[in-house]
Amino acid sequence: MPADAATRRLLASEPFARCRRMAEDAARDDHRLRVLLAEVEMKVIESEFLRAKPIAVNIDIAAAVVEAFLESGEPYASLDATRSARLRLVIACLQYLVMPHDAIPDDSRHGLIDDLTVVRWVARVASGSEGHPVDELEE
């Protein structure tokens with residue numbers, strides 16, 4: 001888990017926990033993943049903040065992970081524990097990003113700060129620079 005208390009609280013929030021629970025079902029449904037990717041694309045197009053670097057790069061990488069999984073045609077059930085955990089974290093992150101009423105509602109003044117925090121944390125975990133995907137899903 002992250003060192004700072006604010007990020008730990010955000011990751012333990014009900015909105016992010018809901019996204020984590022939904023991620024496994026989404027990972028098994030190609031259509032849901034394609035819809036999610038389209039929703040992410042629309043959210044980024046609509047938000048100047050989300051188009052700014054480096055957040056845009058992290059969002060692009062997260063979307064690319066899901067796109068690569070879809071293009072591989074590999075069944076979710078065949079993924080090893082690390083790959084499936086990494087995929088679920090990335091899916092949860094993208095679901096959180098498109099959720100308008102998350103820990104800080106997106107239409108509030110600072111409503112995308114929590115989204116930015118989740119995207120950055122998931123990018124660090126998925127890349128291996130912080131934590132391990134399997135451990136993060138168990139906490």
Side-chain angles (χ1 to χ4, degrees):
M1 286 301 269
D4 67 288
T7 302
R8 284 194 309 271
R9 280 193 306 276
L10 174 60
L11 297 173
S13 71
E14 177 50 34
F16 190 63
R18 189 173 338 122
C19 291
R20 289 171 85 155
R21 288 189 301 270
M22 293 183 330
E24 180 143 7
D25 289 337
R28 296 176 188 282
D29 185 338
D30 289 1
H31 177 73
R32 280 179 65 181
L33 291 178
R34 291 183 200 291
V35 168
L36 175 61
L37 290 171
E39 290 173 345
V40 168
E41 186 174 349
M42 287 305 301
K43 179 96 176 205
V44 171
I45 288 170
E46 294 170 356
S47 170
E48 185 175 335
F49 177 77
L50 295 177
R51 288 191 311 268
K53 291 182 181 174
I55 186 66
V57 172
N58 288 331
I59 294 169
D60 287 346
I61 291 170
V65 167
V66 176
E67 289 168 356
F69 169 70
L70 287 169
E71 289 173 10
S72 75
E74 189 172 4
Y76 173 75
S78 71
L79 300 180
D80 65 36
T82 299
R83 288 180 61 212
S84 65
R86 183 176 290 123
L87 180 63
R88 288 192 317 273
L89 276 175
V90 168
I91 292 169
C93 164
L94 294 175
Q95 287 176 318
Y96 190 86
L97 180 67
V98 300
M99 181 185 290
H101 300 288
D102 46 34
I104 303 173
D106 293 350
D107 58 359
S108 67
R109 184 166 185 235
H110 299 291
L112 295 174
I113 297 299
D114 59 322
D115 300 68
L116 169 66
T117 302
V118 168
V119 168
R120 283 185 177 167
W121 177 77
V122 168
R124 288 193 307 265
V125 172
S127 71
S129 63
E130 179 176 331
H132 188 278
V134 174
D135 297 337
E136 298 301 342
L137 283 170
E138 290 176 355
E139 292 185 18

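In this text, all values refer to a predicted model and were calculated from it rather than measured experimentally.
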Exercise for the section: May I ask you to decide if I104's main-chain N or O and D114's side chain share a donor-acceptor pair within less than 3.5 Å? Expected result: yes
Exercise for the section: Flag yes if L11 and L112 sit in one hydrophobic cluster, no otherwise; membership is Ile, Leu, Val, Met, Phe, Trp, Tyr, and two members link when side-chain heavy atoms are under 4.5 Å apart. Expected result: yes
Problem - Matching residue for N58 among L50, L116, V119, V118 - test: side-chain contact (heavy atoms from CB on, under 4.5 Å) - result: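 Of the listed residues L50, L116, V119, V118, the side-chain contact (heavy atoms from CB on, under 4.5 Å) partner of N58 is V119.
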Problem - Gap separating the CE atom of M99 from the CD atom of E39, nearest 0.5 angstrom - result: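 One finds 10.5 Å between CE of M99 and CD of E39.
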Problem - Rounded distance [0.5 Å steps], CG in D30 versus CD in E71 - result: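 So the CG of D30 and the CD of E71 are separated by 11.5 Å.
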Problem - By side-chain contact (heavy atoms from CB on, under 4.5 Å) - contacts of A26 (at least two apart) - result: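 Once residues adjacent in sequence are excluded, the partners of A26 under the side-chain contact (heavy atoms from CB on, under 4.5 Å) criterion are R32, L33, I91, Q95.
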Mind checking salt bridge (charged side-chain N to carboxylate O under 4.0 Å, His left out) for [X] and listing every partner two or more places apart, or none if nothing turns up?
X	answer
R9	none
R18	E14
R28	E24
E74	R83

Problem - ring pair (Phe, Tyr, Trp, His ring centres under 6.0 Å) contacts touching residues 42-62 (sequence neighbours left out) - result: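 Ring pair (Phe, Tyr, Trp, His ring centres under 6.0 Å) check on residues 42-62 returns no pairs.
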Exercise for the section: Taking all heavy atoms of V44 and all of R51, pick out the closest pair and write down the distance. Expected result: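 The answer is O-CG, 3.2 Å.
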Counting C-beta onward and ignoring hydrogens, is there a side-chain heavy-atom pair between [X] and [Y] closer than 4.5 Å?
X	Y	answer
V40	K43	no
W121	L10	no
I61	V57	yes

Practice task
State, without any angle test, whether S84 and R88 hold a side-chain donor-acceptor pair at a distance under 3.5 Å.
Solution key: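 Side-chain D/A pair, S84 to R88: present.
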Exercise for the section: Show your reasoning for whether side chain to side chain contact (heavy atoms under 4.5 Å, CB included) applies to F69 and L79. Expected result: CA-CA 10 Å; F69 169 70; L79 300 180; 3.9 Å; yes
